[in-house]
Amino acid sequence: MKLFKSSLLASAAFLFMAGMSSCDSGNSPSEPLFMIDFNQSDISFNSDNYWSGCYDMGAGNFVSEGFSFSHTATSYEWDGITDMSWNGFCPSRVNDNKDYADSWTEHQWACIPQNPYNGIYLVGNSDAEVKENPLENNKCSMRMSNYGKFNPKYAYVTNSSYAYYCAKNGSNFNEKFTASDNFVLHIVGVSNGAVTGHLKYAIISNGQFLDQWAFISMEPLGTVDEVLFYVDSTAKNSYGLTVPAYFCITNLSYNLPSSSEAL
């Protein structure tokens, strides 16, 4: 399924729901719909408006409203210089969608739609090496902090500025995308170590680039204890993806399964 329609409704919904409470009273009382509202979480941001724990190797996963989002920071040496990298999710409220060409290291926490109200979204950084088995693509995952079961309902996704501009204009590591290239977000439901569903959303395809927040339904995943997110692309070589494995997501919603579904 391809999501390319620039929807004013979707954009307005994102800005509106960023300040909503976590329960949607329009649903049946027996199946309340909850939204993980990152704006209600106690997050420490640095002066550049992304999570201050992004490069903290001791920070571990990011936790918000009963859910744990994977995060790992690592250090490495190159020509005698120690540098840092990270994978997983990083909260951001960056409102800057400019093209920084060859200086993306300092500007990798932005989404393509502007963020004028400083709403908090997650920047996901999966992995350049995409495994054939979807369960092995687990750098970006979410689960309940108590390891319980839940039913994912919907989310809003968009391109990160980093991946968007590298694909649109090319970079030192990849060629400019043609109409035959794609960049696909995969969302995988997992329960007791088995895949419950596998969704694919092309956020760059056929020469079109998603530049708004797009609504996606995660209901086909069913009852899960974990959800995995990763990107794949036609732009790759023997080492993996040549474009940054970045995407942005927010307004993740869910409900709780019945006692029989939770088994």
Measuring from [X]:[atom1] to [Y]:[atom2], what's the distance to the nearest 0.5 Å?
X	Y	atom1	atom2	result
Ser126	His186	OG	NE2	9.5 Å
Asn87	Asn125	CG	CG	4.5 Å
Ser233	Ile204	OG	CD1	7.5 Å
Leu185	Phe183	CG	CZ	8.5 Å
Leu122	Phe247	CG	CZ	8.5 Å
Lys153	Glu219	NZ	CD	3.5 Å

Would you check if there is a donor-acceptor pair between the side chains of [Y] and [X] at a distance under 3.5 Å?
X	Y	value
Asn138	Ser141	no
Asn97	Ser161	no
Thr223	Asn151	yes
Asp37	Asn39	yes
Asp127	Asn137	no
Ser68	Asn61	yes
Asn118	Arg93	no
Ser75	Thr82	no

Using atom types as modelled and distance alone, determine if a side-chain donor or acceptor of [X] lies under 3.5 Å from a backbone N or O of [Y].
X	Y	answer
Ser64	Ser41	no
Asp181	Thr178	yes
Asn46	Asp48	yes
Thr196	Leu221	yes
Ser205	Ala202	no
Thr250	Tyr156	no
Ser191	Asp225	no

Answer yes or no: does atom NZ of Lys131 have more than 12 heavy-atom neighbours from other residues, nucleotides or ligands under 6.0 Å? yes
Might you confirm whether atom OH of Tyr76 has over 12 heavy atoms from other residues, nucleotides or ligands at distances under 6.0 Å?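 Result for OH/Tyr76: enclosed.
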A side-chain contact here means heavy atoms from C-beta on lying under 4.5 Å apart; do [X] and [Y] qualify?
X	Y	value
Tyr239	Asn237	yes
Asn49	Asn95	no
Met35	Glu65	no
Tyr154	Leu33	yes
Leu228	Pro134	no
Ile36	Met142	yes

When you look at His107 and Lys98, which way does the side-chain contact (heavy atoms from CB on, under 4.5 Å) test go after all the steps? CA-CA 9 Å; His107 302 281; Lys98 295 191 291 290; over 6 Å; no
Let me check something: do [X] and [Y] share a hydrophobic cluster, defined by ILVMFWY side-chain heavy atoms less than 4.5 Å apart, either directly or through other members?
X	Y	answer
Leu199	Val184	no
Tyr201	Tyr121	yes
Phe173	Val130	no
Val227	Val63	no

Least distance between heavy atoms, [X] atom then [Y] atom:
X	Y	answer
Ala163	Pro244	CB-O, 3.6 Å
Asp56	Gly58	OD1-N, 2.9 Å
Ala245	Val231	CA-CG2, 3.4 Å
Cys248	Ala110	SG-O, 3.9 Å
Cys111	Pro113	SG-O, 3.0 Å
Val224	Gly189	CG1-CA, 3.8 Å

Assess whether side chain to side chain donor-acceptor pair (under 3.5 Å) is satisfied between Lys168 and Asn159, documenting all intermediate values. CA-CA 11 Å; Lys168 199 173 187 69; Asn159 276 300; over 6 Å; no
Worked check of side-chain contact (heavy atoms from CB on, under 4.5 Å) between Tyr100 and Gln108: CA-CA 9 Å; Tyr100 284 93; Gln108 57 184 289; over 6 Å; no
Would you sort out whether Phe69 and Phe38 count as a ring-ring contact (aromatic ring centres under 6.0 Å, His included), showing the intermediate values? CA-CA 12 Å; Phe69 296 85; Phe38 302 118; 5.7 Å; yes
Check whether the ring centres of [X] and [Y] lie less than 6.0 Å apart, and answer yes or no.
X	Y	result
Phe62	Trp86	no
Trp109	Tyr50	yes
Phe67	Phe150	yes
Phe89	Phe229	yes

Aromatic ring pairing Tyr246/Tyr162, orientation class (parallel under 30°, perpendicular over 60°, tilted between): perpendicular
Chi angles and distances behind the side-chain contact (heavy atoms from CB on, under 4.5 Å) call for Leu252, Met218: CA-CA 9 Å; Leu252 290 143; Met218 297 189 292; 3.8 Å; yes
For the pair Thr158 and Gln212, evaluate side-chain contact (heavy atoms from CB on, under 4.5 Å) and give the outcome as yes or no after the intermediate values. CA-CA 6 Å; Thr158 194; Gln212 300 288 332; 5.7 Å; no
Taking 4.0 angstrom as the limit, do Arg143 and Glu226 come out as a salt bridge?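 Salt bridge flag = yes for Glu226 with Arg143.
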Check for me whether Lys139 meets the cation-pi criterion with Tyr230, that is, NZ or CZ under 6.0 Å from the six-membered ring centre and within 45 degrees of the ring axis.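 So Lys139 doesn't make the cation-pi contact.
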